[in-house]
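Remember, predicted model here, so these are calculated numbers, not experimental data.
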Amino acid sequence: MVMEDPEAPHHMLLLRNFMAQGLVHNQPLLYASPNRDPRGFLGTLPSPAASKDDKSRQRDPDQEKGLRIAWQYKKYFGENQLNFDGQRDGKHEYSNEFDLRKPLERHFLSGQRVECVSFQDCPNLSALQDHCATFLSQFPRNDGNISCVGRIAIQSICAPQCEYSNMEWDMLSFIRSLKSMVRSSNAVAIVTFPPSLLSPSFCKRWQHMSDTLLSVKAIPDEDKELAQLLTGYQDMVGFLNVHKVARINTQVPLILEATTFSIKLQKRRFLVLECLNQAPVDGSSGASYGTSGSCSGSSKTGNLDF
């Protein structure tokens, strides 16, 4: 589940990459949205970015023998390092780079593998639950043989334009039902919701129901304090916080090395998630945070007391 930022649609970047990644690998997709025409959103999905090796191969395929260095790369990586279907050395690659400026090709969106549902005029969530149950019935989990994986993307499930937006118990029941159906099938689901539209108690219940919980937050365009504190601030558009990571059949939580990531748009085309890096402190303002900061109760006081 992804907690949306009411001031910026950064959760749509995650949805687009999630949906495009599945369609590129020919995985069936169910997309549910509060918009009247959810299929129109498919036209905004990004296209996979061609790697440098693919570009050079497409430009001059006949000059491969004349290159002096090409055989060096083949010796280490093999001739068929990356095929068009996303295979590297016989293994699937499930993390592609996408170009946000180029739309996804139409042949990925055609066929019976893409289903779009609008729940704007639905009085309750029973119809959406039936759609999810029918979709997930195609991917039963049996003896470990995974022939195909399905993806479900639900955008802004408690949007105010929906008739059931004030039925918090019904929405919680739907999330519990969806979670049980996904657990018993070879599928994954991502649900975004604006926490500001829920009461605090129900917002906490939603967070506990999720297996993996993320939140996105936009940053101001001109924040001089953040610009001095963070490196690469000019490319940042927001922050991604990881509150919880899925840990099935265990009570031991997963301790991450970093829980806050910066959302960057490199060249305004590629979505990049990076760990936050603190910029070096100017020499005029002190040597470093380590020497200028101290804890409360210490004999030495510094600029940072906590």
Side-chain angles (χ1 to χ4, degrees), residues 1-20 22 29-42 44-45 114-136 150-183 185 187-219 237-246 259 263:
M1 302 190 72
V2 180
M3 293 187 289
E4 305 173 5
D5 185 356
E7 299 180 358
H10 291 337
H11 61 281
M12 305 299 288
L13 294 173
L14 303 180
L15 269 183
R16 288 187 176 98
N17 282 267
F18 173 80
M19 295 167 62
L29 171 68
L30 172 62
Y31 171 60
S33 169
N35 300 324
R36 291 189 179 275
D37 184 19
R39 185 164 288 274
F41 181 71
L42 300 180
T44 65
L45 299 184
V114 183
E115 182 181 357
C116 298
V117 178
S118 174
F119 49 81
Q120 180 176 355
D121 298 329
C122 297
N124 50 48
L125 287 166
S126 59
L128 180 59
Q129 184 173 346
D130 294 339
H131 279 288
C132 294
T134 304
F135 178 80
L136 293 175
R151 297 195 180 208
I152 296 179
I154 302 178
Q155 171 195 345
S156 303
I157 188 173
C158 59
Q161 61 264 36
C162 300
E163 297 182 10
Y164 60 82
S165 59
N166 57 347
M167 303 177 183
E168 294 184 335
W169 282 109
D170 294 344
M171 291 187 290
L172 185 64
S173 177
F174 167 79
I175 294 175
R176 184 183 295 109
S177 176
L178 178 63
K179 180 178 180 179
S180 62
M181 290 188 294
V182 171
R183 287 275 183 92
S185 61
V188 61
I190 180 172
V191 180
T192 69
F193 68 97
S196 58
L197 299 181
L198 296 173
S199 61
S201 60
F202 273 92
C203 186
K204 288 294 183 182
R205 287 187 173 95
W206 284 40
Q207 296 177 27
H208 287 300
M209 285 296 298
S210 62
D211 291 327
T212 300
L213 181 64
L214 311 175
S215 66
V216 290
K217 183 176 180 59
I219 57 177
V237 296
F239 298 117
L240 172 70
N241 294 314
V242 182
H243 301 274
K244 184 171 58 173
V245 179
T259 57
I263 303 177

What side-chain donor-acceptor pairs closer than 3.5 Å can you find for residues 189-204, not counting sequence neighbours?
{"residue": "T192", "atom": "OG1", "partner": "E4", "partner atom": "OE2", "Å": "2.9"}
{"residue": "T192", "atom": "OG1", "partner": "S156", "partner atom": "N", "Å": "2.8"}
{"residue": "S199", "atom": "OG", "partner": "E168", "partner atom": "OE1", "Å": "3.1"}

Is the shortest side-chain heavy-atom distance between [X] and [Y] below 4.5 Å?
{"X": "L214", "Y": "M1", "result": "no"}
{"X": "K179", "Y": "M209", "result": "yes"}
{"X": "C116", "Y": "L42", "result": "yes"}
{"X": "M3", "Y": "V216", "result": "no"}
{"X": "V117", "Y": "Y31", "result": "no"}

With rounding to the nearest 0.5 Å, note down the distance linking [atom1] in [X] to [atom2] in [Y].
{"X": "F174", "Y": "L128", "atom1": "CZ", "atom2": "CG", "answer": "4.0 Å"}
{"X": "L178", "Y": "I157", "atom1": "CG", "atom2": "CD1", "answer": "7.5 Å"}
{"X": "L29", "Y": "I152", "atom1": "CG", "atom2": "CD1", "answer": "9.0 Å"}
{"X": "S33", "Y": "Q155", "atom1": "OG", "atom2": "CD", "answer": "4.0 Å"}
{"X": "D170", "Y": "Y164", "atom1": "CG", "atom2": "OH", "answer": "10.5 Å"}
{"X": "I175", "Y": "R205", "atom1": "CD1", "atom2": "CZ", "answer": "12.0 Å"}

I need the minimum non-hydrogen distance between [X] and [Y], along with the two atoms involved.
{"X": "A159", "Y": "S165", "result": "O-CB, 3.4 Å"}
{"X": "L136", "Y": "A187", "result": "CD2-CB, 3.4 Å"}
{"X": "T212", "Y": "A246", "result": "OG1-N, 3.1 Å"}
{"X": "R151", "Y": "G22", "result": "NE-CA, 3.5 Å"}

>> Looking only at side-chain N and O atoms, does H243 offer a donor or acceptor that is under 3.5 Å from a partner on T259?
In response: no
> Hey, is D211 close enough to K244 for a salt bridge, meaning N to O under 4.0 Å?
Replying inline: no
> Under the side-chain contact (heavy atoms from CB on, under 4.5 Å) criterion, do L213 and V242 qualify, and how do the steps go?
Replying inline: CA-CA 6 Å; L213 181 64; V242 182; over 6 Å; no
>> Please check this pair: side chain of D5 against backbone of A218, looking for a donor-acceptor N/O pair closer than 3.5 Å.
In response: yes
Which pairs of donor and acceptor atoms, one on a side chain in residues 7-19, lie under 3.5 Å apart (sequence neighbours left out)?
{"residue": "H10", "atom": "NE2", "partner": "V237", "partner atom": "O", "Å": "2.7"}
{"residue": "R16", "atom": "NE", "partner": "T44", "partner atom": "O", "Å": "3.4"}
{"residue": "R16", "atom": "NE", "partner": "T44", "partner atom": "OG1", "Å": "3.2"}
{"residue": "N17", "atom": "ND2", "partner": "L13", "partner atom": "O", "Å": "2.8"}

> Given F239 and I219, is the side-chain contact (heavy atoms from CB on, under 4.5 Å) satisfied, shown in steps?
Replying inline: CA-CA 7 Å; F239 298 117; I219 57 177; 2.8 Å; yes
>> Test: side chain to side chain donor-acceptor pair (under 3.5 Å). Region: residues 116-131. Which pairs qualify, not counting sequence neighbours?
In response: R36-D121, E115-H131, N124-S126, Q129-S177
